[in-house]
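Note on naming: letters A, B, ... go to the chains in the order of the sequence lines (proteins, then strands), and numbering restarts at 1 for each one. Since this is a predicted model, take the numbers as computed values, not measurements.
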2 protein chains.
Amino acid sequence: MNDAAASNSIGDNAFNNIRSDIIFGRLDAGAKLKLDALKARYGTSVSTLREALSRLTSEGFIVAEGQRGFFVSPMSEQDLREISDLRVLLESHAMKLSFEAGDTEWEGRVVAAHHKLSRMETRMAAGDFTVRETWKRYDWEFHQALILACGSQALLKSHGTVFDKYLRYQMRNLTYRGEMASQEHGALLDAALARDIDKAQALLAAHIEGGIEHSLRNAP
Amino acid sequence: MNDAAASNSIGDNAFNNIRSDIIFGRLDAGAKLKLDALKARYGTSVSTLREALSRLTSEGFIVAEGQRGFFVSPMSEQDLREISDLRVLLESHAMKLSFEAGDTEWEGRVVAAHHKLSRMETRMAAGDFTVRETWKRYDWEFHQALILACGSQALLKSHGTVFDKYLRYQMRNLTYRGEMASQEHGALLDAALARDIDKAQALLAAHIEGGIEHSLRNAP
DNA sequence: CTTGCGTCCAAAATCGATTATTTGCAAGAT
DNA sequence: ATCTTGCAAATAATCGATTTTGGACGCAAG
């Protein structure tokens with residue numbers, strides 16, 4: 001999803017493809033990842049493939065068991081709550097720093113990101129599910145924009161990974177929670193421009209809590 | 001350091017050794033990591049070696065540049081401040097959860113961890129630098145014990161990585177900051193047993209701030 | 001003296017083969 | 001009938017060889 005590092009090397013491509021396949025559910029949670037099968041699917045040799053799988057293991061999208069191979073990380077309510085809690089923690093903190101440091105240039109990016117997201121929300125609300133992945137990318141870009149002025153690469157990177165883990169849970173929802181989420185995004189935009197961090201943090205916590213509940217009710 | 005996952009596979013060994021060599025400064029910040037040289041040093045083939053390096057890249061101890069190879073992640077004041085800020089954020093939050101959930105069993109582990117750390121601090125204060133790595137391991141175990149009851153695997157894992165990145169900066173200090181740090185650990189223990197989270201968080205922030213300042217004054 | 005091009009070398013990226021481990025199954029014993 | 005025990009097939013882990021790439025050097029043209 002994010003931190004794509006769009007490269008042209010075979011290894012990076014495999015990495016990005018597998019990562020995205022996990023996040024968007026094209027590889028099921030808990031599935032066994034057989035090297036021979038993946039080798040064919042992603043067009044690499046085992047060494048290169050294992051490199052990609054190792055990276056994903058370190059990031060937490062895959063678990064590696066001793067001499068028994070790789071598995072897509074399982075999903076659970078417990079894990080969803082842990083991930084969400086972590087996202088709120090990191091994103092709230094980053095918003096605080098960002099709100100304090102952001103200049104007009106930053107405001108511009110936030111407004112632009114919200115506008116794009118808003119457009120997709122309209123289409124989703126109209127029932128056009130073909131833009132599902134684009135919508136989620138813009139959702140990412142909006143939240144990213146809010147914290148972009150935080151000034152900490154380390155924080156942005158941690159947040160990016162946690163965001164994508166949270167996203168995996170959202171992607172398997174069968175229904176659209178749009179109306180509510182859309183309003184929350186709008187309120188978040190207003191709070192950002194008003195530099196009202198307390199309000200923004202409260203909105204974010206509610207936004208994510210809403211996502212959790214929706215996810216628990218609408219996923220297999 | 002932590003999350004050793006002590007395995008007997010060649011790859012895991014290489015991973016653990018390289019990781020530890022970076023943290024304890026046996027591999028210099030910014031150093032070029034040539035595959036051939038490392039292959040000899042850690043006794044693996046390039047494929048297995050690259051796997052280990054990839055994992056470390058994902059964790060942030062190594063940076064990979066396009067087709068130009070791997071380098072030990074550079075160190076900077078900026079990075080130290082980002083890492084420290086992140087550590088305070090994660091550890092403060094984890095302490096809060098842990099203080100709320102910890103039972104008597106947990107208290108026992110905290111007391112035990114502090115006792116061991118305290119012993120090493122005495123030896124360090126007496127000038128016995130041979131226990132340097134053991135001392136730091138006990139330091140890790142104490143802080144880990146404080147947050148162990150937080151109930152979130154995700155949080156513990158993130159904290160573990162950040163802790164080790166912070167540790168790398170501490171390991172290149174040439175002098176011992178012990179006296180002060182030792183008192184802070186004692187106060188932290190008291191606050192934990194009294195379940196005084198506000199005090200503990202304040203102590204932790206000061207503890208880490210102290211480490212930063214000491215590091216900036218005593219490192220190359 | 002600089003700039004551009006071609007060659008060569010060192011190093012990284014990738015591959016397919018080899019070795020080690022696990023697992024499933026079947027035969028024999030209790 | 002159930003529990004070992006011992007292959008054999010499947011799969012993971014590791015290796016060394018091959019291909020690709022980036023950078024240094026030298027030479028010639030402007």
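For B:S92, the side chain to side chain contact (heavy atoms under 4.5 Å, CB included) partners are B:V88, B:Q201, B:L204, not counting sequence neighbours. Applying the side chain to side chain contact (heavy atoms under 4.5 Å, CB included) rule to B:R123 yields the partners B:M120, B:D128, B:V131; only residues at least two apart in sequence or on another chain are considered. With sequence neighbours left out, the side-chain hydrogen bond (donor to acceptor under 3.5 Å, both in side chains) criterion links B:E100 to B:K96. Applying the ring-ring contact (aromatic ring centres under 6.0 Å, His included) test to B:Y42 and every residue at least two apart in sequence or in another chain returns nothing.
If you measure from atom NZ of A:K39 to atom P of C:dT14, you get 16 Å, rounded to the nearest angstrom. Across the protein-nucleic acid pair, A:L49 atom CG and C:dA13 atom P stand 17 Å apart, rounded to whole Å.
Screening residues 40-58 of chain A for salt bridge (charged side-chain N to carboxylate O under 4.0 Å, His left out), with sequence neighbours left out, gives A:D12-A:R55, A:D21-A:R41, A:R50-B:E51, A:E51-B:R50.
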| remark: With B for base contact, S for sugar-phosphate-only contact and - for none (protein heavy atoms under 4.0 Å), nucleotides 5-15 of chain D reads ------SSSBB

